[in-house]
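Input: a single structure, listed below in structure tokens.
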There are 2 protein chains.
Amino acid sequence: RDCLRPSIKVAGVKKSYREVIDVSWGDPHRAGVKPLSFVRQVLAACIYPQLMDGDKLMVDVKQRAQMLLRACPGGSVGSYCATAGVPEIVERVSEYITRRDGGVPSHPENIYISSGSQWALTNILKVLVNSEASPRTGVLTPVPCHSTTILSLMALGAEVVPYYLREEQGWALDVEELQRAWGSAKEVCNPVGLYVINPGNPAGYVQSRKSMQEVIRFAAEKRLFLLADEVYQDCVFGEETEFVSYKRALAEMGSPLSDTVELASFHTTSKGLMGECGLRAGYVELVNLDPAVMKHIYSLFSADSCAPVLGQFALDVMTNPPQPGDPSYPLYMKVDHFLFLIHRKAFTEFINSLPGFSCQPVEGGAFAFPRVFLPPKAIETAKELGMKPDTFYCMRLLEEAGVLSSPGSEYGQQEGTYHIRFCIMTPSEIMEEILRRLSTFHKRFMNEFS
Amino acid sequence: RDCLRPSIKVAGVKKSYREVIDVSWGDPHRAGVKPLSFVRQVLAACIYPQLMDGDKLMVDVKQRAQMLLRACPGGSVGSYCATAGVPEIVERVSEYITRRDGGVPSHPENIYISSGSQWALTNILKVLVNSEASPRTGVLTPVPCHSTTILSLMALGAEVVPYYLREEQGWALDVEELQRAWGSAKEVCNPVGLYVINPGNPAGYVQSRKSMQEVIRFAAEKRLFLLADEVYQDCVFGEETEFVSYKRALAEMGSPLSDTVELASFHTTSKGLMGECGLRAGYVELVNLDPAVMKHIYSLFSADSCAPVLGQFALDVMTNPPQPGDPSYPLYMKVDHFLFLIHRKAFTEFINSLPGFSCQPVEGGAFAFPRVFLPPKAIETAKELGMKPDTFYCMRLLEEAGVLSSPGSEYGQQEGTYHIRFCIMTPSEIMEEILRRLSTFHKRFMNEFS
Ligand SMILES: Cc1ncc(COP(=O)(O)O)c(C=O)c1O
Ligand SMILES: Cc1ncc(COP(=O)(O)O)c(C=O)c1O
């Protein structure tokens, strides 16, 4: 998880800023994004149903709350629900997926709602990874990569097999590189899985359909289980970019691929406009798994009881938002979807205008992951302090400018390159302040070490 | 988890009841208990802070909500928090434990808040159990036992080593029986852990201090890690019965025991008067663990992100309820603590008055676990149907009387004995209706098979 980063502490220096701005997490509310009213009203009404007595809440808020409470045993969010989630919500998530994928059918029995998507991923990895196997179980994993997944893989005793995304090509996923990684892996482990993050984290790429088809063919050829981390699917900004799910891409390729390649796709309430990380709800949809494996997965999920019911309710709203004509629709839509669009352009342009920074376009996700060309003297100083050079940069940025970012070394990067991750899903005023602080700091830093 | 019981379906018979009463779970709200207003008001205010603008909410509700929101990054329940939980809440839980244990100190760094107590238990078991060890890792486990723990142990590849509670002595935990179990285990596995549930589930016993001291001495002698499942600690009803935590009992025994016996104690918001199972929050407190093991536990918990923030807020209220003088205190206290006291007596007396039933006193917990002496013809009929005899009884009770209970075979019982578990944490009207239905059904059933 993101909070595992080496703790960066503000030393006793005189600060030129009033407050630390924390853009080191993929955590929208922490970064200043406001929660969606409709979601919060529905949840409040479910928690404390007396709120529905007055006329303060819109009729669609009340209807949604009543519908959700009816699905709970005893009509309370305080009851346990079924292992895979509240059945009515699982059903509605499945309908959402079918709509999203242009009619490719989704079946509720293949969906597990979990306490966050990471937890579902860990459970599926448990099925794939035999911790005591010799040679070890390998999972092909992108560089850079969402750091928690690497931790999960290591905790399970898997061999993390790195494949490098092509930074110069906008962090493209290149099948030749997958081949290389797989070839080198074969010598040390038994590769069984291929983990992809699309849209990316920390790098903000969005895969094209063609790229996904290549990946699927590769997975089929090598008999790899595809783990598609698609938690940023609602965060796609590029004009000519669209999100295509791996499930849809696979279905479109037809038989035999579409009914043989094993796939798990993950989604969550933590990201996108919802940004409800603290509620802990996500889901996994499983495709083409053997019934015996599905049974094993059921028992894995059931051993840990059910996902938090309120998080499941947020998932219901995320997958079934208010529709045109609903009283809450105008407000729901007022959230500026384009906020992020503005930022990503402003951010990359600005960053690219700073000497020693180079940032690929951000097509999706929540982050910019610019490369920083650190002066040799800065690298030396960092090493003398026993720090990684990018961590040193982040620490100084925090100390001197009160901006908390995270170093590329947490996510993996090509040897000798350095990156900084910024969460850019943040309100405009905050983003402007970040850029102001970053610019002043960066110039001073580069001067100091040039 | 409880919902794993063999699914019992109502066949197409004509029913003499209007609604099924479900007392098969340890789930108060499902069984008709109402949530506590203070908890729900605080949570609603945290979810939708605009609620605090009016004068509808008591001042202590608002203060609590504000205090909790201040502890969240960005002031939102939608942010991730630290791995072990919101630090302020962990601190307050720790203070609560110190108060509960009459001053035996508790340290926040030994506490992990988790998505339900079961999940914390599974994580601690992961540390204890080496799934590929030969001989296998053994954990001494009571019979009867909360079924989910058995599932977790099996899923981890542990050897479940049964020790039998003495039904005739009110389900007492007898050290001689522990000795026997340990002795027999030594031949097939390497016993490393001892799991105790106090107060009990499914059997409603409460251990005496003396019994706990014996258990602790035994654990020390055999170098067993003590897993104390104390989720029913607030459900103790017997006049001369009090809950003593294993941590306190251990501390009172002094050195060297008090600083060597390894102990994990579990608690939850799911039980007691709170009964908030669906929020998913619990905690584990660890005692006398090696720092290296503590580090490993940190990484285990962090790989699955944090516990749901709203559940953590409920945990805060549970461990720090309104105090005399607070505006919400009178209502908080109005909840009839003695409801359950009335039930347990009424229930056991009534059950014992039915021919073929025998029920030990219920001193604590949420369940009665009477033994039923099934007529040989009923046992035969069940076997012809390919069913366990107690499952057959439960199925008929459901079909004919609309009462959903759960069979003893789910929890383990002495060969040739049969039990039925009823959740007795339910409002009086419902309890009366259950007893009416049960009585009519039971007499008919016994007649039919005599
Ligand atoms: C790529 C990716 N996958 C999964 C997650 C975890 O999300 P959740 O909160 O649903 O566990 C994150 C969170 O940052 C992420 O970036
Ligand atoms: C003895 C015991 N331990 C643990 C649990 C699990 O509780 P939680 O909801 O905190 O995971 C239960 C629930 O029934 C229980 O009876």
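Every chain is numbered from 1 and lettered A, B, ... according to where its sequence line falls, protein lines coming before strand lines.
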- Message: So Phe266(B) and Ser114(B), do their side chains get closer than 4.5 Å, heavy atoms only?
- Response: no

- Query: Side chain, backbone, both or neither: which part of Ser270(A) has a heavy atom under 4.5 Å from chain B?
  - Reply: side chain

- Could you tell me which portion of Leu121(A) (side chain, backbone, both or neither) has an atom closer than 4.5 angstrom to a non-hydrogen atom of chain B? neither

- Of the backbone (N, CA, C, O) and the side chain (C-beta and beyond), which part of Lys126(A) lies under 4.5 Å from a heavy atom of chain B, both, or neither? side chain

- Message: Under a 4.5 Å cutoff for heavy-atom pairs, which residue among Gly74(A), Pro308(A), Ala45(A) has the most contacts with chain B?
- Response: Pro308(A)

- Residues at least two apart in sequence or cross-chain that pass ring pair (Phe, Tyr, Trp, His ring centres under 6.0 Å) with Tyr283(A), listed by chain then number, are His267(A)

- Message: Does any backbone or side-chain atom of Ala281(A) lie under 4.5 Å from a heavy atom of chain B? Answer side chain, backbone, both or neither.
- Response: neither

- His29(A) and Ser79(B): which non-hydrogen atoms are nearest, and at how many Å? CB-OG, 3.6 Å

- Query: Under a 4.5 Å heavy-atom cut-off, does chain B meet the side chain of Cys46(A), its backbone, both or neither?
  - Reply: backbone

- Message: In terms of relative ring orientation, are Tyr112(B) and Phe301(B) parallel, tilted or perpendicular, with 30° and 60° separating the classes?
- Response: parallel

- Give the member of Lys34(B), Gln50(B), Arg40(B) that has the highest number of heavy-atom pairs under 4.5 Å with chain A. Arg40(B)

- Do you know the tightest heavy-atom contact between Asn123(B) and Leu300(B)? O-CD1, 3.5 Å

- Task: Please answer whether the main-chain N or O of Gly32(A) pairs with a side-chain N or O of Thr426(A) as donor and acceptor at a distance below 3.5 Å.
- Result: no

- Specify which of Leu43(A), Thr122(A), Val309(A), Ile47(A) makes the most heavy-atom pairs with chain B at under 4.5 Å. Ile47(A)

- So which of Gln118(B), Glu276(B), Glu132(B) has the biggest tally of heavy-atom pairs under 4.5 Å with chain A? Glu132(B)

- Here the gap from Thr269(A) atom OG1 to Arg280(A) atom CZ, rounded to the nearest 0.5 Å, amounts to 7.5 Å

